[in-house]
*Asks:* 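My structure is below; once you've seen it, I'll send some questions.
Note on naming: letters A, B, ... go to the chains in the order of the sequence lines (proteins, then strands), and numbering restarts at 1 for each one. The model shown is predicted, which means the values in this text are computed figures rather than measured ones. No hydrogens, no waters, no symmetry mates; every other heavy atom, side chains included, goes into these values.
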Protein chains: 2
Amino acid sequence: MDKYVDILKKHGIKVTPQRLEILRFLDTHHTHPSADEIYMELKKKHPSLSKTTIYNTIQSLKDCGLLVTLLISPNESRFDSLINPHHHLLCSECGKILDINVECPYSRKVLAGGHRIDEVHGYFKGVCEKCLMKGGK
Amino acid sequence: MDKYVDILKKHGIKVTPQRLEILRFLDTHHTHPSADEIYMELKKKHPSLSKTTIYNTIQSLKDCGLLVTLLISPNESRFDSLINPHHHLLCSECGKILDINVECPYSRKVLAGGHRIDEVHGYFKGVCEKCLMKGGK
DNA sequence: TCTCACATTGTAATCATTACAATCAGAGGG
DNA sequence: CCCTCTGATTGTAATGATTACAATGTGAGA
């Protein structure tokens with residue numbers, strides 16, 4: 001049986017082909033795609049797919065804690081299937097979003113000051129190593 | 001002479017009443033307003049103000065390094081006049097964005113891995129102390 | 001097989017932001 | 001003090017991501 005069927009069942013949401021495809025895509029492509037990128041890619045194999053379904057499914061997966069929304073791109077939301085907490089770098093040259101695994105003292109969702117912390121996001125903006133090499137900027 | 005006149009001159013951009021008002025508002029109201037909130041507030045005193053001017057000025061101030069864009073709210077950009085780097089908490093109860101002054105090892109724009117870092121953003125999502133007290137959530 | 005709750009689809013609405021063209025303003029030169 | 005010219009401001013229209021909504025499809029359990 002499919003690994004992703006199990007995951008959906010375990011989280012108590014209905015298993016559908018669309019949800020399976022979206023979950024599989026996010027789990028195997030850690031490119032932090034936008035909703036439109038997911039849509040364009042999956043439409044190839046599943047032409048009747050609707051963009052509304054993308055948004056609905058993203059919401060469902062988020063509710064299950066299987067997905068996080070990255071707030072790094074000014075134009076659109078990017079999505080990342082949740083494995084372990086990590087930070088992200090948006091490269092202003094190539095536009096790619098890279099995973100950054102730095103030690104973060106606040107990843108553990110603990111914070112002084114009496115606030116309750118549910119999510120921790122760490123974003124860097126700059127130029128990635130590859131572009132620095134290429135462009136000499 | 002006005003403090004804000006000096007700031008604009010020092011950064012080599014033209015001094016205009018609109019820019020002065022927007023800069024003053026951001027410097028005296030650290031509520032992380034959206035473009036619309038700035039617009040609504042300043043329109044009271046300056047009825048001919050255009051929303052395009054808000055966006056243009058925000059861009060100019062950003063280019064000068066006087067302003068940073070917060071991408072913590074899923075719906076819109078929030079703006080913060082830059083004093084010292086700090087992190088932010090978005091409270092899901094009251095919707096307010098609070099400054100969080102925690103020690104962050106990456107605030108100094110240094111990062112291993114060969115990438116060039118220009119901006120560091122730390123976002124927390126949760127419930128602020130005040131709402132926790134009130135709601136008992 | 002039937003049924004019903006829930007998922008999917010497509011279209012239309014919403015809303016922040018950007019593009020663009022016309023007008024305005026103010027610093028500097030005559 | 002007026003002219004000029006560059007850049008700022010304004011208003012309207014376009015863009016594009018996301019959401020709302022209504023109609024249709026589907027699959028698990030009776």
Side-chain angles (χ1 to χ4, degrees), chain A residues 1-2 4-9 11-23 25 32-64 66-79 95 97, chain B residues 1-2 4-5 8-9 11-23 25 32-64 66-79 95 97:
Chain A
M1 191 197 282
D2 194 321
Y4 301 107
V5 174
D6 281 348
I7 295 178
L8 290 181
K9 278 187 180 169
H11 284 86
I13 70 172
K14 261 193 188 170
V15 178
T16 69
Q18 291 88 343
R19 285 175 180 175
L20 284 173
E21 284 298 323
I22 295 170
L23 181 57
F25 182 79
H32 318 97
S34 64
D36 195 62
E37 282 165 359
I38 301 171
Y39 175 67
M40 287 307 183
E41 189 56 34
L42 296 185
K43 205 168 174 57
K44 293 176 189 170
K45 288 282 173 87
H46 196 309
S48 81
L49 186 66
S50 155
K51 198 174 260 187
T52 305
T53 298
I54 302 287
Y55 282 105
N56 287 340
T57 301
I58 284 170
Q59 187 58 53
S60 303
L61 297 178
K62 211 187 297 184
D63 292 344
C64 293
L66 291 168
L67 181 71
V68 288
T69 302
L70 303 185
L71 298 172
I72 196 170
S73 163
N75 304 316
E76 74 236 320
S77 294
R78 301 305 195 101
F79 304 100
I97 298 173
Chain B
M1 192 195 284
D2 195 319
Y4 299 108
V5 174
L8 291 181
K9 279 188 179 168
H11 284 86
I13 70 172
K14 262 193 186 172
V15 179
T16 70
Q18 291 89 341
R19 286 177 178 173
L20 284 173
E21 283 298 324
I22 293 170
L23 180 58
F25 182 79
H32 318 96
S34 64
D36 195 64
E37 282 165 358
I38 301 171
Y39 175 67
M40 287 306 183
E41 189 57 33
L42 296 185
K43 205 167 173 58
K44 293 176 189 170
K45 287 284 173 83
H46 195 308
S48 82
L49 186 66
S50 155
K51 199 175 261 188
T52 303
T53 298
I54 302 286
Y55 282 106
N56 286 341
T57 302
I58 284 170
Q59 187 57 53
S60 304
L61 297 178
K62 213 189 293 184
D63 292 343
C64 294
L66 290 168
L67 181 70
V68 287
T69 303
L70 305 184
L71 295 175
I72 194 170
S73 161
N75 305 315
E76 75 236 320
S77 294
R78 302 303 195 103
F79 304 99
I97 297 173

*Asks:* Taking only side-chain nitrogens and oxygens of T53(B), does any of them come within less than 4.0 Å of OP1 or OP2 of dT10(D)?
*Replies:* yes
*Asks:* For T52(B), give me all partners under side-chain hydrogen bond (donor to acceptor under 3.5 Å, both in side chains), at least two apart in sequence or on another chain.
*Replies:*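 Partners of T52(B) by the side-chain hydrogen bond (donor to acceptor under 3.5 Å, both in side chains) criterion come out as none, since no residue qualifies.
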*Asks:* Could you tell me how far apart L20(B) (CG) and dT9(D) (C1') are, to the nearest whole angstrom?
*Replies:*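 It is 14 Å, rounded to the nearest whole Å.
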*Asks:* Do L23(A) and L8(A) have side-chain heavy atoms sitting under 4.5 Å apart?
*Replies:* yes
*Asks:* What distance do I38(A) atom CD1 and K43(A) atom NZ have between them, rounded to the nearest 0.5 Å?
*Replies:* 14.5 Å
*Asks:* What is the per-nucleotide protein-contact pattern of nucleotides 13-30 of chain D, from the 5' end, where B denotes a base atom under 4.0 Å from a protein heavy atom, S denotes such proximity for sugar-phosphate atoms only, and - denotes neither?
*Replies:* ----SSBBB---------
*Asks:* Measure NE2/H46(A) against P/dG10(C) and give the value in whole Å, please.
*Replies:*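 Distance check: H46(A) NE2 to dG10(C) P gives 11 Å.
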*Asks:* Kindly point out which of dA8(D), dT8(C), dT10(D) is positioned nearest to the side chain of S50(B)?
*Replies:* dT10(D)
*Asks:* Using 0.5 Å steps for rounding, measure from the OG atom of S34(B) to the CG atom of L70(B).
*Replies:* 11.5 Å
*Asks:* In whole Å, what is the span from the CD1 atom of I58(A) to the P atom of dT8(C)?
*Replies:*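 The answer, rounded to whole Å, is 12 Å.
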*Asks:* Between C1' on dT8(C) and CD1 on I54(A), what's the gap in Å once rounded to a whole number?
*Replies:* 11 Å
*Asks:* Throw together a table of side-chain donor-acceptor distances under 3.5 angstrom for residues 11-18 of chain B, partners on residues two or more places apart or in other chains.
*Replies:*
unit_1, atom_1, unit_2, atom_2, d
H11(B), ND1, I7(B), O, 3.0
T16(B), OG1, R19(B), N, 3.2

*Asks:* Expressed in angstrom and rounded to an integer, what is the separation of K9(B) atom NZ from dG26(C) atom P?
*Replies:* 14 Å
*Asks:* Measure the spacing between CZ of F25(A) and CD1 of I54(A) and express it to the nearest 0.5 Å.
*Replies:*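 Going from CZ on F25(A) over to CD1 on I54(A), the span is 9.0 Å.
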*Asks:* Find the distance Y39(B):OH to dT17(C):C1' and express it as a whole number of Å.
*Replies:* 14 Å
*Asks:* Whole-Å distance between dG7(D) C1' and I13(B) CD1?
*Replies:* 12 Å
